Amino acid sequence: MTSLRTPLQTAAAHHQRPFTRDPGRWKRESSRALRTGHVRGQTCSAACELVLVHEPTSWGWLAWAVPGDGSQPEVPHQIGVLTPGATRRQRLALRWLTRRPARHLALDTVPGSLRFSAAAVALISVMVGLFAISRGVPANVTVPAMLLAPLLAEHLPGRIDDRAREHVHIVEGDGPCRYLQRLAALHAPLVQAAAGSDRYELRRSAELGHNLLWDAAELLQTQDTHSASDRLIVYERLMLQLAHQVAPMHPAAGHGADSTDRNPETGPLRGPWPPSARPTTPPAPHHTAGTSPMEGTLLMPQPEPSPVRNADVYLLFAHEPYYPGPGSQEINTTIVAADSLLHPKVCQPDGARIHDLLTRERQPGEIVPLSTLSHELGGGADWPAVGDWERVTTDLVQLVHAGDCDALSLGLPEIARALICSGPDTHVCAFDAAGHDITYGPQERAAVLAQAGMFLTSMVAEQALWPGDGLRPPLFRRV
């Protein structure tokens, strides 16, 4: 099987790597973690308490685990979002939660451990107590104080932690953190624009973005990204709209600090959002009791017209071969309607993001191979900013197996399948029976797509491909 895997690398962008603006700090913090605690690696079991490096932000923090191989992590281990409109006391609680972890002393005689600070306080209290007794202070006063001081040092920080967490929504897990990381990357330029301006619109956009982060974090504390995909898509759409509306007033809000980002009209966007993301006005999210309402409307310039969208396109992707029944032909490639990416059984919001990319600037009835999308995403380097294409295509195959959507299933020959799995400008070399090498390129790839198009045309002439029921809303508004 020709692999479609591409390097999982991201362009330098807000929150895509630890301490993007201060790489030296990450080196210092990771070196300290290597010396003082567990790091993520083969020698650390699931029971290990990892040392987290906290990167503070204006809205909370990103906590990164330190990989044992010395590389930089791509997804935070934990993300904390401070309540919007936090008071000075609540911001002090945030600083308390991001303090360096307490050092513990292992006790061989009893299970568990003791804080180093508690042991130090116990030693000091004994010395002070003995000194006080020698000076005539009653023992019934000094002895309880000697016992109480280390107990407070051991248990009081935990009580303060519990109180401080009342003002912070903390999210853990790869899926929730990956989504919140994308949302935070969209919010970062808004914060940057508001910090350097006294305009109400810019400050208000940053406040609304903080509210979106808070609501999304609260939702992800109780639900996974799949079950909450409808609301997560709305949150991301709203954040994209804020960034687009603010861009004319402050360039940093439209492009961020990364000079490699490019406008969607001129080339692929290396950033935390899909290359085709240019949202129109979305519906307001539904807020349950206890969430922060998105009150107020920004009176800003209306966004420019969206790029041409065409939902009447198809996704072609290769997968592990299977046989529908005894004696049947091998099936190794599948074509589905673009809207099947919005199916509730497909990993969301990843499917909606790929749908957003797939339907931009396409011809009606066009078949777009997955490898073409990889080519448009900088050779695949920007896939992490869009979604997990492997999980999405696996879900699509399962949909086809279960009969939850229509598809055209193909059994392509080895060379044809290799061409489909390669980019538009890639050449594939093979050897004939005489040992001579033969090169296949874009022309042969186009012929394979044309043949697949003939099969698809005859199929949809009788009945259009059914994408499935209960589809999620797309990131762009249908016209």
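All values below come from the heavy atoms of this structure, side chains included, with hydrogens, waters and symmetry mates left out. Here, residue 1 is the first one in the sequence, and each next residue gets the next number. Bear in mind that the values here come from a model prediction, so they are computed numbers and not experimental data.
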Donor-acceptor pair between [X] and [Y] side chains, under 3.5 angstrom:
{"X": "N332", "Y": "H319", "value": "no"}
{"X": "R445", "Y": "S371", "value": "yes"}
{"X": "R199", "Y": "S205", "value": "no"}
{"X": "E55", "Y": "W26", "value": "no"}
{"X": "S374", "Y": "W383", "value": "yes"}

Flag, side chain of [X] to backbone of [Y], donor-acceptor distance under 3.5 Å:
{"X": "Q451", "Y": "V448", "value": "no"}
{"X": "D382", "Y": "A385", "value": "no"}
{"X": "Y314", "Y": "V368", "value": "no"}
{"X": "Q348", "Y": "A352", "value": "yes"}
{"X": "S340", "Y": "V336", "value": "no"}
{"X": "Q221", "Y": "V171", "value": "no"}
{"X": "Q329", "Y": "G411", "value": "yes"}
{"X": "R360", "Y": "D356", "value": "no"}
{"X": "D404", "Y": "V400", "value": "no"}
{"X": "H210", "Y": "L82", "value": "yes"}

Looking at [atom1] of [X] and [atom2] of [Y], how far apart are the two atoms once the value is rounded to the nearest 0.5 Å?
{"X": "Q72", "Y": "K27", "atom1": "CD", "atom2": "NZ", "value": "9.0 Å"}
{"X": "L396", "Y": "F317", "atom1": "CG", "atom2": "CZ", "value": "4.5 Å"}
{"X": "I367", "Y": "R362", "atom1": "CD1", "atom2": "CZ", "value": "13.0 Å"}
{"X": "T457", "Y": "F455", "atom1": "OG1", "atom2": "CZ", "value": "11.0 Å"}
{"X": "L475", "Y": "I354", "atom1": "CG", "atom2": "CD1", "value": "11.0 Å"}
{"X": "D406", "Y": "L465", "atom1": "CG", "atom2": "CG", "value": "6.0 Å"}

*asked:* I'd like to know whether CD of E330 has more than 12 heavy-atom contacts from other residues, nucleotides or ligands below 6.0 angstrom.
replied: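 For E330, atom CD is crowded (more than 12 foreign heavy atoms under 6.0 Å).
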*asked:* Can you confirm whether more than 12 heavy atoms, excluding those of Y323, are under 6.0 Å from its OH atom?
replied: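 Not more than 12 within 6.0 Å, no.
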Looking only at heavy atoms, which two atoms of [X] and [Y] are closest? And how far apart?
{"X": "C347", "Y": "V392", "value": "O-CG2, 4.0 Å"}
{"X": "G470", "Y": "P344", "value": "O-CD, 3.1 Å"}
{"X": "T359", "Y": "A338", "value": "CG2-CB, 4.1 Å"}
{"X": "P76", "Y": "L62", "value": "CG-CD2, 3.6 Å"}
{"X": "G387", "Y": "D350", "value": "CA-OD2, 3.2 Å"}

_Less than 4.0 angstrom from a charged side-chain N to a carboxylate O is my criterion; do E207 and R204 meet it?_
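Judged by the 4.0 Å cut-off on N to carboxylate O distance, E207 and R204 do form a salt bridge.
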*asked:* Show, in sequence, the C-alpha distance, side-chain angles and deciding distance for L471 and L341, and conclude whether the side-chain contact (heavy atoms from CB on, under 4.5 Å) test is met.
replied: CA-CA 8 Å; L471 304 181; L341 289 162; over 6 Å; no
Any side-chain heavy-atom pair from [X] and [Y] closer than 4.5 angstrom?
{"X": "T394", "Y": "Q398", "answer": "yes"}
{"X": "P18", "Y": "V53", "answer": "no"}
{"X": "L212", "Y": "H187", "answer": "no"}
{"X": "I335", "Y": "L315", "answer": "no"}
{"X": "T334", "Y": "L408", "answer": "no"}
{"X": "H343", "Y": "R472", "answer": "no"}
{"X": "Y179", "Y": "Y235", "answer": "yes"}
{"X": "W61", "Y": "V81", "answer": "no"}

*Are W64 and H77 close enough that their ring centres sit under 6.0 Å apart?*
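Distance test on ring centres: not under 6.0 Å, no.
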